[in-house]
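To start, the structure itself, in structure tokens.
Letters A, B, ... are given to chains in the order of the sequence lines, protein chains preceding strands, and every chain is numbered from 1.
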Amino acid sequence: MEAISGLPALLSSSAKVVAVFSGVLVVVAYTTLAERRVSAFIQDRIGPNRVGPFGLLQPIADGIKSILKEETSPAAASRTFFILGPILAMVPAMVTFAVIPFAAPLPTPWGVVDMIIADVPIGILYILAFSSLGVYGIVLGGWASNNKYAFLGALRASAQMVSYEVALGLSLITVLMLAGNVTLTEMVWQQQQLDLWFALPLSLAFLLFVVSSFAETNRLPFDMPEAESELVTGYHTEYSAMKFSMFFIAEYSHMLTASALMATLFLGGWDIPFATWDDAFWYEGVLIRGFGPDGAPLAASPAWWKTLFTFGVFALKTGFFLLFFIWVRWTLPRFRYDQVMQLGWKVMLPTALAYIMVMAASMLILDQVGLPYGFAYGLALTGVSLVCTVLFIFYLDDDRIIKGAGARRAVSNPVPTGGGD
Amino acid sequence: MADLLFFVFATVAIGSAIGVVVARNPVGSLMSMVATLAAVAGIFVLLEAHFLAAVQVIVYAGAIMVLFLFVIMLLNLGHDYERDMKGGVWSVMAFATTGGLAGLLVRQLGRSADSPTFLTGDGGDAIDAALAEYGAVGAIARPLFTDYVVPFELVGILLLVAIVGAIVLAKKDV
């Protein structure tokens, strides 16, 4: 089957842009509902259930409300930047979804359509570039409000997002080393080839990436820029009506992109576990599903139901991470500001650097030994990573939850005369 | 299409570069500079230099300018920015310096018209071949870690020295 080209390609691209953009907005709207329902469940309440069945029309009611509400603009704010803030927060959060592949290629009478808006050659770097611009919206919004609390929130946002971008980028390097490429379609393919999702051979990178993603999206326990118990609501204190909602939409679409990215990088993207019939990849202009024992490419046969299934799997993985984001928010308390900085610079950064060294060395050794890129290769790396991850967690925990045998004995037989703990 | 996009990016780049100089508010000038950097990244993409475009946005627009913004917001907090502007002799000196630099640029452009360059000479094909073989990142990484590895490492040491220097300077006040 040929790849789509010419006018049909242009039309299919436009259709994909419209479909993905509206899809993202709908998911964002319903994530806000999910957040309220899950928080209610965790706090043993009922949550919004009046508008429509199970409260399913609540996001629409919220949308109408925020458009119709009165818009206040503080007298001392600088107008231009006050309006620019929410726009700059929302745009980067929405455009990053363009490079994430969300299903197996779809066959049409005019050719095979890739289920990704733009398969740019720099893939993941595109996402890093746009998410690094996301901080401007928050910083400008907070600064332009001309309000102490908003300004403090903005300062915290800039410091926190720049700090955790470093850890995020460094945790990605091991993924790039293993995949040998930066495009996300290729990464999905490499995980299909390896018969292992990168979450296993690169478990520590996965952990670091998840933690920095929480910091990058300003979600609890890293919601320093908002911190409602300290800063009213931080950077969006002075915002009302739709401008406030735009900050909200930005936060949730950031969450959605981060979830989709984690699913793609570490959980195989649209790959269906324990199955090879769904594998598909462009190789020198032909769609293949892998290489035979003699190294010859095996042709893949795309089908609409395969696209549907893989999309379902992708949605499940992304949904899992969205739920995880929400669950963590209502489970963990907020860090103190200095703890956030300490964790970012003194723990995550050195760990990520050391992990790069360890993984690079292990990959070099495996290559020298002559192990081919495949399941055994992945298992060997899984072993190394597991040791790293266990050591890291043990260090972070610092005898608080996981105690060594000696520590446990000391607690069960306390020394009678010892003061304090 | 690419030509049209080039003129869009070029207009934005030049317009916002002028904005950097004429803006009365330092935050306005900084945001104009971010727009300039983003527009130049767009021109890089048109030149098929995807990696350069991404790095431009990640490093300059996304990190360095954020730190600038951080500093500008903290310095001069609640001050009248207009008073900081220097007039008279300073503007003459600024014009002279800018004029000199512009002259150098024009001279270099005139000279390179008849010598092979990135766009017109053999360089283009070699770059296309490298892009096709190693991908957007590999095409830059290969020469960087083979032919130019010593200068590359030296620059790394230079940056390390700068970081250590910055920490030593900052420690005095803490």
Toward chain A, the part of B:Val59 with a non-hydrogen atom under 4.5 Å: neither
Within 6.0 angstrom of B:Tyr60 OH, more than 12 heavy atoms from elsewhere: no
More than 12 heavy atoms of other groups within 6.0 Å of B:Phe68 CZ: no
Pair A:Met161-B:Val66, side chain to side chain contact (heavy atoms under 4.5 Å, CB included): steps then yes or no: CA-CA 10 Å; A:Met161 288 172 92; B:Val66 173; over 6 Å; no
Side chain to side chain contact (heavy atoms under 4.5 Å, CB included) between A:Leu140 and B:Met31, worked out: CA-CA 9 Å; A:Leu140 277 184; B:Met31 287 316 291; 3.6 Å; yes
A:Phe247 atom CZ, over 12 foreign heavy atoms within 6.0 Å: yes
Interface residue of largest heavy-atom contact number with chain A, from B:Val55, B:Val34, B:Val45, under 4.5 Å: B:Val34
Residue pair A:Ala129 / B:Ala54: nearest heavy atoms and the distance that separates them: CB-O, 4.1 Å
Interatomic spacing from CD1 in B:Ile58 to CZ in A:Phe130 - rounded to 0.5 Å: 10.5 Å
Shortest non-hydrogen contact from A:Pro121 toward B:His50: CG-ND1, 3.4 Å
Chain A interface, residue from B:Gly28, B:Ala38, B:Ala61, B:Ala53 that has the most non-hydrogen pairs under 4.5 Å: B:Ala61
Region of B:Met65 in contact with chain A, defined by heavy-atom distances below 4.5 Å: both
Region of A:Ala144 in contact with chain B, defined by heavy-atom distances below 4.5 Å: neither
